[in-house]
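Structure, as structure tokens:
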Amino acid sequence: SFVGFTYALSQGYIAKRILTPLGEIGRIRTLQLACVALGLGRVLAFYLEDIRLVYGVFFGIIVSLGLVNTVMTADAARSVPSGAIGSLY
């Protein structure tokens, strides 16, 4: 339930707050930082022994994944005509 709630929160609230004021370059930088956080977070979570820290790191990983998914979905939707969006998904 932690993962599902955090993922929903990251896509519905956090991504909107972070991505709305950014331009195209800001979205690209955010995507790059989120990918780095995904990679480093997984390595860090593997080495941690305190479960509270593991959950904190996983929170960051899940939020990063939600940001990546939101950016990729929005950019994919912008790349096709509005009449063909249903066939995209």
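Please read these numbers as outputs of a predicted model, since none were measured by experiment.
Leu33 belongs to no hydrophobic cluster with other residues, because no ILVMFWY side-chain heavy atom falls under 4.5 Å from its own, directly or through intermediates. Using a 4.5 Å cut-off between side-chain heavy atoms of Ile, Leu, Val, Met, Phe, Trp and Tyr, Ile28 forms no hydrophobic cluster with any other residue.
A ring pair (Phe, Tyr, Trp, His ring centres under 6.0 Å) check over residues 9-48, counting only residues at least two apart or in different chains, returns nothing. Annotation: salt bridge (Lys or Arg N to Asp or Glu O under 4.0 Å) contacts involving residues 35-49, sequence neighbours excluded, are absent. Applying the salt bridge (Lys or Arg N to Asp or Glu O under 4.0 Å) rule to pairs touching residues 18-28 yields Glu24-Arg78, Arg27-Asp75, sequence neighbours excluded.
A chain of hydrophobic side-chain contacts below 4.5 Å, direct or via other Ile, Leu, Val, Met, Phe, Trp or Tyr residues, connects Leu65 to Met72. The same ILVMFWY cluster, assembled from side-chain heavy atoms under 4.5 Å apart, contains both Leu9 and Phe2. Put simply, Phe5 and Ile51 are part of the same group of oily side chains (I, L, V, M, F, W, Y) that touch within less than 4.5 Å, one to the next. Both Tyr55 and Ile14 belong to a common hydrophobic cluster when Ile, Leu, Val, Met, Phe, Trp and Tyr are linked at side-chain heavy-atom distances under 4.5 angstrom. The cluster map of Ile, Leu, Val, Met, Phe, Trp and Tyr, joined by side-chain heavy atoms under 4.5 Å apart, puts Leu44 and Leu53 in the same cluster.
Counting only heavy atoms from C-beta outward, the side chains of Thr70 and Lys16 never approach each other to under 4.5 Å.
Thr30 is linked by a side-chain contact (heavy atoms from CB on, under 4.5 Å) to Ile18, Leu19, Leu22, Leu67, counting only residues two or more places apart in sequence or in another chain. Looking at residues two or more places apart in sequence or on another chain, you find a salt bridge (Lys or Arg N to Asp or Glu O under 4.0 Å) between Arg52 and Asp50.
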Check residues 56-63 and write down every donor-acceptor pair under 3.5 Å in which the side-chain atom is one partner and the other belongs to a residue at least two apart or another chain.
none

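Of all heavy-atom pairs spanning Ala37 and Ser64, the tightest one is CB-OG, 3.3 Å.
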